[in-house]
Amino acid sequence: MTTEIDRQQQQWHLQRGHYLGEVSALCFLHLPTNKSNSLPLLLAGTGSEILVYDLATPNTLLASFQVFEGTRVHGIILDHHFALQSTPPPLSFQLAVFGERRVKLFNLHFTTHSLQPALQLTLLHTLPKFTHWVLDVCFLNKNGATSSNQGHLWLAIGCTDNSVWFWDIFTLQLVSQVQCADRCLLYSMRMWGRDVESLLVASGTIYNEIIVWKLDFQNHSPVLRSPAENQTNSAMDKGVRLCGQQYQAVHICRLTGHEGSIFRIAWLSGGSKLVSVSDDRSARIWVVNNRGDGFSCTQDVVHDFVGPVLFGHSARVWDCCIFDDLIITAGEDCTCRMWELDGTQLKVIKEHIGRGVWRCLYDPISSLIVTAGFDSALKVYQMHASSSKSSKGCTWSKEDLIDRKEVFTFIVPNSSGHIGLMDSKSEYVRCLHFSREDSLYVSTNNGYLHHVQFDVGEVKWTELVRGNEDEPIVCMDLLSYSSKLSGGVEDWVAIGNGKGSMMIVHVVGDISSPKVEHTLAWSAEIERQLLGTYWCKALGFRFIFTADPRGTVKLWRLCDSFAPVSHSIERSDDVCLIATYVSCSNTRIMCLDASSEGEVLVCGDIRGNILVFPLSKSILFGMPVSSETETFPLSYFKGAHGISSVCSISIASSSLGQVEIRSTGQDGCICYLEHNKVWRGLEFIGMKKVKELSAVRSVFQSVDCNKDLDSGEYAIGFASSDFIIWNLTAETKVAKIACGGWRRPHSYYVGDVPETNNCFAFMKNEIIHIHRHWVPESECESELYPQNLCLQFHGREIHSVCFIAGESDYDLDWIATGSEDGTVRLTRYEPGRQNWSTSQLLGEHVGGSAVRSLCFVSKIYTIILDLSYMPGEVLRLNGTVEGLENPFLLISVGAKRVVTAWKRKFRARNKREATCGGLGTRNENGFYGSSSSAISSSSIFQWLSTDMPTKDRNDERSQNTENEMEDTGNAYIASEIVTSDKLKFSKNGNRDLEASLADKVENDWRYLAVTAFLVRIADSRISVCFVVVASSDATVTLRALLLPSQLWFDVAILSPLSSPVLALQHVIVPRHLPLEDNLLVGSVYLVISGSTDGSIAFWDLSKDVEDFMQQVSSLNLKDYIDWQRRPRTGRGSQGGRRWRTLGSHFMKKKSGNEHERESHFLKGKKDNGSLLIRTKEKYDKDMQNDAEYGTSEIAHSEQHTHACCQFRDHTFVSEQKADESSIGIRKVAPLHVSYNVHQSGVNCLYVSDIKDMAVSGNRSMYYVLSGGDDQALNCLRFDLTLKAVSQLYQNSYEVHSNSQAETVNNPIQTYEIQNHLMKLFSLQKVKSAHSSAVKGVWTDGNWVFSTGLDQRVRCWNLDQHGKLIERAHLVVSVTEPEALDAQACGSQHYQITVAGRGMQVVEFFASS
């Protein structure tokens, strides 16, 4: 029997991958100094695994070990008494790992092979399963024995019933139990002591108090009660005594003061103090006096309290640790806070997301702090002591010699001679600009320009330009070619004054003694009209831009030779105006960038708009123009950053006739746009919201030839009054400097590695403050902190997961996940030791609404609408029109009825991206080379469209109902699409139904499931993504996303439904003509749904899809391309006013033909047969039929020719005053309903894919697998057979069955669907497939994989009779699984991903 089981295990094998999820335990392991450096190893417990990291080498995972089966690791305790240091190695360390009711003892062996250390974890013993959860474990000496005697080591185990058990490590058995007299449930327990006699126990009870107790000797020993569930004939039943003695629990004190549950307790190293954290958001410090007098619990409550209450967290506090002069707390508000013992808060770290920071750990030897949370991230920080000194009027401070962090402060030379309080005659700084890390340009309101060279103990001022009080400098920009290696200076400084004059100053020479080589001055604007001047590095120093407050930008070309310094007068022949660009919004331009390759100029204004102007080479090198010659935008995007100012613009040209643009703004967002040179449209393709910054000033992207280009991306900006550099890749804070906010004059400068190369200068109280952290690369031997050792993942539970195949067979696949935190992420899995290589945030749903379901659309189906015009070529099922791009879409739906579409784009890196070069420094003046992170990857998903109900729709519908009744009378206009290439809205006068639909929209319904498919019209650029969404109000809607115009339509409603739908799947079957080459002329479109009542329904949507495609085929594509769309973030984009697109603005202006067409429309005349007029009596009769039979008469009338498709775009709703109700939309009745398939909700559905289905001639066979709350798996099968050729061209659309609904006891049902005959079989139901609810299922028609709340992944073989045979199962680390997906990686090799509280990949191997 054993041999047969082993043979089966070898035949079908499941292998775990690494768990990616919450980290619940931390422990440091210090190696001997002669074996390694001073930095310790880090042991992290995540899921059922232990990860070992080498902190001396960044991002190095040494090993991972599986220690439990489905049990989460709650604690890792290292035995400091036990360390066998044999010579030669290996080293051996003993540790205890506990989780829930399990405790295991391990030996960790450490060896070094060449430079790579090797670790091996050996299981010593598994303790019996305890009846209560284990809260703490402590290694103890018996009677003060030395660590060299293994037989005198004990393990104390504290449980939630306020008891402590003792385990003899030498004899490997439980020997005794001590039960506290207060037998109450605990939330926390922490033990301290080196031996049994000195053991102190602090128990945090459910009554918000801490009981401190110890052990005391007694003469009588009670018989032990075993904690194990199975204890027959064990040593624990024999009443073994502890060393011939017995101990009892003695109370020391009871600590009260917390107003909430106590989650964590930490002892000071000496056992005299402890700190506790609680549900009341506070931490408290207690002094414990170990009197040893043995008072009982009946005595008065003793309060031993010292120090202030530590308040600062805004939510529950989860963890804490205490040292001689430092307290660290971590909480649900995702912050880690450092405190002094007197309650002074030293520092706040907020770099985690989601449910909070679970664990914090501090190592006093290396000054390292490690935090871990729900988001799977492991953040490492370093604390330092600071000192300061002053010399020669310059003060600075260094935190330590390694980091080289310096602070300089100095006062601007007083050229005006004014003394006293600042007034209108005082001199103050207007602009600051770094040229490199040790030099700064300073301009003042009195017209002075200074160069400042600073170093430790030395500051040197050089006056470059001397102005006067009547010409204050108002703007400055710098184009620097300075080189640190040569030590030379070559800077081009552009300054503008209040009189409207511009001056170009060319500075050369040595850094310590710069001099002005040339100057050039001219009048650019009238007085008080010059507000900005900008260099563009892509154009060089021959071109300069100026801006005025009215949105006008002027481009000036400088002459080939400059006048000497002595001739710095206005000369018209030295500079010429070559272009004047005028904004259509008349708002001030704040930033710009130009591309000579892309021949565009991109500007951002103070109202969040982005404008694109032409910039051809004929403009750059052509003849001068007059100021009256104006150039207007090619395209513009209104409100890209809401109503917040645009801070920076950077562009990069691609080879596909497109210009890609990245902008940052005061709304804390980074936006990505694309300018199409053919359509001349500006399309919003993505947005990244940096939650840590309220204003993003710029984005810096480091380029390293040895790494991926997007591995070093940093956002630079402000959060309230702090300047922050944020690492977007590692999700860590690089620098934080309190400065008073972005409104003060400031400048920043970063090098190749911002962690060690960053400078920031700002003005405060007439003093220039400079914070510099600059370590040369040759001297940078220390590690960079903070670090992120593990990928940052979702901060909350995952509801949906799906695989996304790579662009080619050589590309790795991505895994898309949607979470409760409202985000969609793409994570890459690589088989090997470090399975999870990268995780990218794709985007966030509107308002952070939870993502409930995902669907990846990778196939596109071609439809031929008119057989008389069939193309000569053969179009296959997945055929494409030559020269057109296939859009691969990712659809996400969730709360607030949000549906978002993401488009995958394939592009090759251009030369500027593929090569590493250019200057190695960046500042706020601009960037060299490609700066757009949107094009750093060979394949990328970009935001395509978002649709959700708007708050103002209900009011508009209710206000227009009465007016529409008066206008239309008894006529009901049901048509939506007219052949005049304009979309119209349905208008009706049914008031009662209108009100009921409005009530539905007002409720906070959410989408629960989604499935989608792409359909393209043959020989056309029009494609439609049909999206089927199920809502929590028990409605299922067929929606359509028209591409590339990004317009949403409601096509049909699937009804009636008695309960909400939880799962959706679709099947598309090719319809073949009996001609040569088996030409595909269409498809059968089926949708399968599973509801909360346990039923499974089949819906035929073929007619609805074909009718919709027939009507959109006549549209003129150019008339419906509207690029003016961006996702609403709830931050900046609304800004207190309703956001509107540019499309709504243009809809107000109708041509005469449009008004004429609209009048014909309202009169009820048909335009080319596209309008259908129905009387109100006829309409009411149809509604009665709907109520009686569940389907509309429209469905079987000429409405198949003129389908009613409801337009759902909020842009046009406000302008057309139209309703968006479901009136006129066809109601589709179910083709078949199988009731009671499951006793309760159908949680998951999956249909075998067409490429793996069984096909015999004209017969197609599909398997439908479902899982429910009743722990069962159910298998259905349906066959589709092509009817006779003589019936192929019949116009009938019939459904033949004995009843619309049947039970699973009926063996078969037969239906006719267009030209197919459908037979349905109920094959098998596995009633106890899992021990709890089934949450995910997948099948390819051969193998079936399922998961449930029992944390099992089960593998089933689907035989030829449709029977499920279990072949293998595995316990995963993902708790509360919510979703499952799988993909075939080869012959009999599958990858299975399970998601819930975290994510894990399981690989399945089957022998052929």
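Because the structure is predicted, anything quoted here is derived from the model rather than measured.
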Does the side chain of [Y] come within less than 4.5 Å of [X]'s, by heavy atoms?
X      : Y      : result
Ile411 : Ile768 : no
Ile589 : Leu611 : yes
Asp510 : Val489 : no

What distance do [X] atom [atom1] and [Y] atom [atom2] have between them, rounded to the nearest 0.5 Å?
X      : Y      : atom1 : atom2 : value
Arg772 : Cys759 : CZ    : SG    : 6.0 Å
Leu432 : Phe760 : CG    : CZ    : 9.0 Å
Phe632 : Thr580 : CZ    : OG1   : 10.5 Å
Ile495 : Asp477 : CD1   : CG    : 12.0 Å
Asn676 : Glu683 : CG    : CD    : 8.0 Å
Ile670 : Ser698 : CD1   : OG    : 9.0 Å

Donor-acceptor contact present, side-chain [X] to main-chain [Y], <3.5 Å:
X      : Y      : answer
Arg744 : Cys739 : yes
Ser694 : Phe718 : yes
Ser439 : Val452 : no
Ser747 : Phe434 : yes
Asn445 : Tyr428 : yes
Asp593 : Ile651 : yes
Asp491 : Val507 : no
His433 : Met476 : yes

Would you tell me whether [X] and [Y] have side-chain atoms, one donor and one acceptor, within less than 3.5 Å of each other?
X      : Y      : result
Asp605 : Ser585 : yes
Thr444 : Asn446 : no
Tyr636 : Ser583 : no
Ser663 : His641 : yes
Thr664 : Ser648 : yes

Can you name the nearest heavy-atom pair linking [X] to [Y], along with the distance?
X      : Y      : result
Ser480 : Ser435 : OG-O, 3.5 Å
Arg430 : Ile473 : CG-O, 3.2 Å
Ser443 : Leu449 : CB-CD1, 4.3 Å
His506 : Val508 : NE2-CG1, 3.5 Å
Gly540 : Trp535 : O-CE3, 4.1 Å
Ser512 : Pro514 : C-CD, 3.6 Å

For Ser596, side chain to side chain donor-acceptor pair (under 3.5 Å) partners two or more places apart: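 With neighbours one apart ignored, the set is empty.
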
All side chain to side chain donor-acceptor pair (under 3.5 Å) counterparts of Thr533, not counting sequence neighbours: none

For [X], check salt bridge (Lys or Arg N to Asp or Glu O under 4.0 Å) against everything at least two apart and list the hits.
X      : result
Lys460 : none
Glu471 : none
Arg743 : none
Arg550 : Asp548

Centroid separation [X] to [Y] less than 6.0 Å:
X      : Y      : value
Phe762 : Phe723 : no
Trp461 : Phe410 : yes
Trp726 : Phe700 : no

Using the test ring pair (Phe, Tyr, Trp, His ring centres under 6.0 Å), find all partners of [X] that sit at least two apart in sequence or belong to another chain.
X      : result
Tyr534 : none
Phe454 : Phe408
His675 : none

Parallel, tilted or perpendicular: ring planes of Tyr441 versus His451, cut at 30 and 60 degrees: perpendicular

Under the side-chain contact (heavy atoms from CB on, under 4.5 Å) test, residues paired with [X] that sit two or more places apart:
X      : value
Val753 : Glu755, Thr756, Asn757, Leu784
Ala735 : Ile725, Asn758
Met590 : Arg588, Ile606, Ser645

Stepwise salt bridge (charged side-chain N to carboxylate O under 4.0 Å, His left out) test for Lys554 and Glu525: CA-CA 10 Å; Lys554 295 181 179 180; Glu525 295 286 351; 3.5 Å; yes

Check against side-chain contact (heavy atoms from CB on, under 4.5 Å), Ile610 and Val602: CA-CA 7 Å; Ile610 296 178; Val602 185; 3.8 Å; yes

Intermediate values then yes/no, side-chain hydrogen bond (donor to acceptor under 3.5 Å, both in side chains), Tyr714 and Thr729: CA-CA 8 Å; Tyr714 302 81; Thr729 305; over 6 Å; no

Worked check of side-chain hydrogen bond (donor to acceptor under 3.5 Å, both in side chains) between Trp522 and Ser501: CA-CA 6 Å; Trp522 74 96; Ser501 298; over 6 Å; no

